[in-house]
Number of protein chains: 2
Amino acid sequence: MARRDYGQYCGLARALEIVGERWALLIVRDLLVGPKRYTDLHNGLPRVPTNVLATRLKELEQAGVVTRRVLPRPASGVVYELTERGRDLEDAVIALGRWGARELAEPRPGEIATPSSVIMAMRSTFRPGRAHGLTVDYQLNSGGIALQIRIDHGRLTVTEGTLPRADLVIEAGAGLRPLISGEIEPAEAVRNGSVKMSGGDPALLDRFVEVFRI
Amino acid sequence: MARRDYGQYCGLARALEIVGERWALLIVRDLLVGPKRYTDLHNGLPRVPTNVLATRLKELEQAGVVTRRVLPRPASGVVYELTERGRDLEDAVIALGRWGARELAEPRPGEIATPSSVIMAMRSTFRPGRAHGLTVDYQLNSGGIALQIRIDHGRLTVTEGTLPRADLVIEAGAGLRPLISGEIEPAEAVRNGSVKMSGGDPALLDRFVEVFRI
DNA sequence: CTGGATCCCTCACGATACTG
DNA sequence: CAGTATCGTGAGGGATCCAG
């Protein structure tokens with residue numbers, strides 16, 4: 001790691017030496033959602049060459065950001081997970097993700113959204129100040145991805161999967177971003193069909209866009 | 001920019017496409033302090049090849065992060081400065097810098113600290129919650145760099161230069177980091193000579209480490 | 001199947017020299 | 001002062017292959 005250093009006695013430079021390499025922060029993003037197998041990581045980041053993925057994981061492991069753990073039986077295999085040091089990157093990942101979210105217009109051709117990326121997007125756009133004391137469960141379906149979004153006394157948890165007992169089920173594809181960015185009002189989005197909802201009080205959708213906002 | 005994209009419809013990926021290239025965020029860090037000439041940037045980042053610096057500036061300009069401005073006379077020349085979009089990166093830069101600061105032990109051989117890096121380090125370690133309503137002026141001398149650190153009713157401003165009317169002048173070289181990280185108590189640092197102070201109430205040094213902390 | 005390792009090719013980066 | 005030009009190297013991209 002002597003060749004890639006920046007020669008600066010500076011926290012930012014140190015951070016970039018560790019997680020500034022290509023793909024590194026996207027790997028961290030996926031692991032912030034939870035431990036993952038090599039194959040899961042590769043599925044979530046299909047454009048990363050396998051050698052680069054293997055190299056990054058070793059670098060991150062040596063830097064103390066990631067640990068490699070061999071699963072006990074019966075579920076044999078290997079999972080990668082963040083260390084506490086790695087989880088401390090969440091603030092930085094969210095700050096960068098929020099900044100970059102303003103560049104998101106239409107998806108570019110061939111571009112994908114993965115469960116992990118959507119989960120982190122929801123975490124990034126969450127405004128704790130607007131969710132104070134709030135308790136509500138949503139299920140969000142977007143682009144073939146089903147998310148459980150639970151707010152419990154103002155605390156957010158986002159997981160993949162369906163949530164049969166959700167207070168509101170939101171169905172949104174490309175219409176989700178304009179909704180969260182405030183380009184379009186919830187009522188208008190429902191009217192033009194870009195967002196559908198079912199199973200609950202329509203006012204919960206207003207709550208949703210109040211709480212999740214770019 | 002077609003080859004370097006990540007193929008992910010994700011705010012973090014977008015951010016990395018724009019400011020994830022090598023040296024880009026360090027350039028932003030320096031510009032967060034204020035507009036700079038090409039030569040100033042190069043002095044602050046001596047290890048960046050000039051062609052890379054020129055390329056990054058063009059990329060950042062095209063991305064709307066930086067503007068290039070020709071100075072009116074008499075001070076002819078060119079300065080680069082952040083756009084508002086670029087200034088919005090401050091949160092992310094500070095988050096990353098704070099994370100990386102925990103890796104800072106001793107400076108590695110040949111490693112330098114520049115005025116801009118120290119200024120951003122002070123901004124990163126500033127804890128607004130601990131400075132509520134506080135008004136005090138420090139001058140900090142560290143490694144040949146003189147900084148004005150002004151806290152006005154809890155608002156921080158850090159600039160290069162001396163501050164003759166400072167409430168306290170702090171003289172610290174390598175002893176500054178252990179002080180801010182809490183590894184060493186202020187009184188102990190003064191006693192062993194790693195930190196000197198003059199011109200004010202010694203209690204102001206305790207204030208200092210209270211307000212600036214990793 | 002998972003969890004990588006290997007090979008080749010290209011281009012971005014690094015170092016240095018040079019110019020309006 | 002503010003860059004451009006040139007050239008060598010190695011990291012990243014892409015496909016394939018292999019061990020448990």
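Every chain is numbered from 1 and lettered A, B, ... according to where its sequence line falls, protein lines coming before strand lines. A quick note: this is a predicted structure, and the numbers were derived from the prediction, not measured.
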Colleague: Would you state whether a donor and an acceptor, one from the side chain of B/Asn51 and one from the base of C/dG14, lie under 3.5 Å apart?
Modeller: yes

Colleague: Is any side-chain N or O of B/Arg22 closer than 4.0 Å to OP1 or OP2 of C/dG14?
Modeller: yes

Colleague: Supply the atom-to-atom distance B/Thr114 OG1 to B/Glu160 CD, rounded to the nearest 0.5 angstrom.
Modeller: 9.0 Å

Colleague: Measure NZ/A/Lys36 against P/C/dT2 and give the value in whole Å, please.
Modeller: 15 Å

Colleague: Using OP1 and OP2 only, check whether a side-chain N or O of B/Arg56 sits under 4.0 Å from C/dC13.
Modeller: yes

Colleague: To the nearest 0.5 Å, what is the distance between OH on B/Tyr80 and CG on B/Leu60?
Modeller: 10.5 Å

Colleague: Do B/Arg14 and B/Tyr6 get their side chains close enough for a donor-acceptor pair, meaning under 3.5 Å?
Modeller: no

Colleague: Let's see if you can work this out: which of C/dA15, D/dT4, D/dG12 has an atom nearest to the side-chain heavy atoms of A/Glu21?
Modeller: D/dG12

Colleague: Is there a side-chain polar atom (N or O) of B/Trp23 under 4.0 Å from OP1 or OP2 of C/dG14?
Modeller: yes

Colleague: Determine whether the side chains of A/Gln139 and A/Asn141 contain a donor N or O and an acceptor N or O closer than 3.5 Å.
Modeller: yes

Colleague: Under 4.0 Å: is that the gap between some side-chain N or O of B/Lys58 and OP1 or OP2 of D/dT4?
Modeller: yes

Colleague: A/Arg68 has an atom CZ; how far is it from atom P of C/dT2, in whole Å?
Modeller: 15 Å

Colleague: Could A/Asp5 and B/Arg47 be called an ion pair, given the rule that one side-chain N must be under 4.0 Å from one carboxylate O?
Modeller: yes

Colleague: Nearest to the side chain of A/Val78, which nucleotide is it out of D/dG3, C/dG4, C/dG14?
Modeller: C/dG4

Colleague: Side chains of B/Arg108 and A/Gln8: any donor to acceptor distance under 3.5 Å?
Modeller: no

Colleague: Would you mind reading off the distance between B/Leu53 atom CG and C/dA12 atom P, rounded to a whole angstrom?
Modeller: 17 Å

Colleague: Considering only D/dC1, C/dC13, D/dG3, which nucleotide approaches the side chain of A/Arg4 most closely?
Modeller: C/dC13

Colleague: Tell me whether A/Arg85 is salt-bridged to B/Glu103, with the criterion being a basic N under 4.0 Å from an acidic carboxylate O.
Modeller: yes

Colleague: OP1, OP2 of C/dC1 versus side-chain N and O of A/Tyr38: anything below 4.0 Å?
Modeller: no

Colleague: Tell me whether the side-chain N/O atoms of B/Arg47 come closer than 4.0 Å to OP1 or OP2 in C/dG14.
Modeller: no

Colleague: Nearest whole Å is fine: how far is D/dA2 P from B/Glu61 CD?
Modeller: 14 Å

Colleague: If you compare every side-chain N and O of A/Thr39 against the phosphate oxygens of C/dG3 (OP1, OP2), does one of them come in below 4.0 Å?
Modeller: yes

Colleague: Determine which bases of DNA chain D form Watson-Crick or G-U wobble pairs with both distances under 3.5 Å, and write the result as a 5' to 3' dot-bracket string with | for other-strand partners.
Modeller: .|||||||||||||||||||

Colleague: From D/dG13, C/dG4, C/dG14, pick the nucleotide closest to the side chain of A/Tyr80?
Modeller: C/dG4

Colleague: Side chain of A/Thr50, base of C/dA5: donor and acceptor closer than 3.5 Å?
Modeller: yes

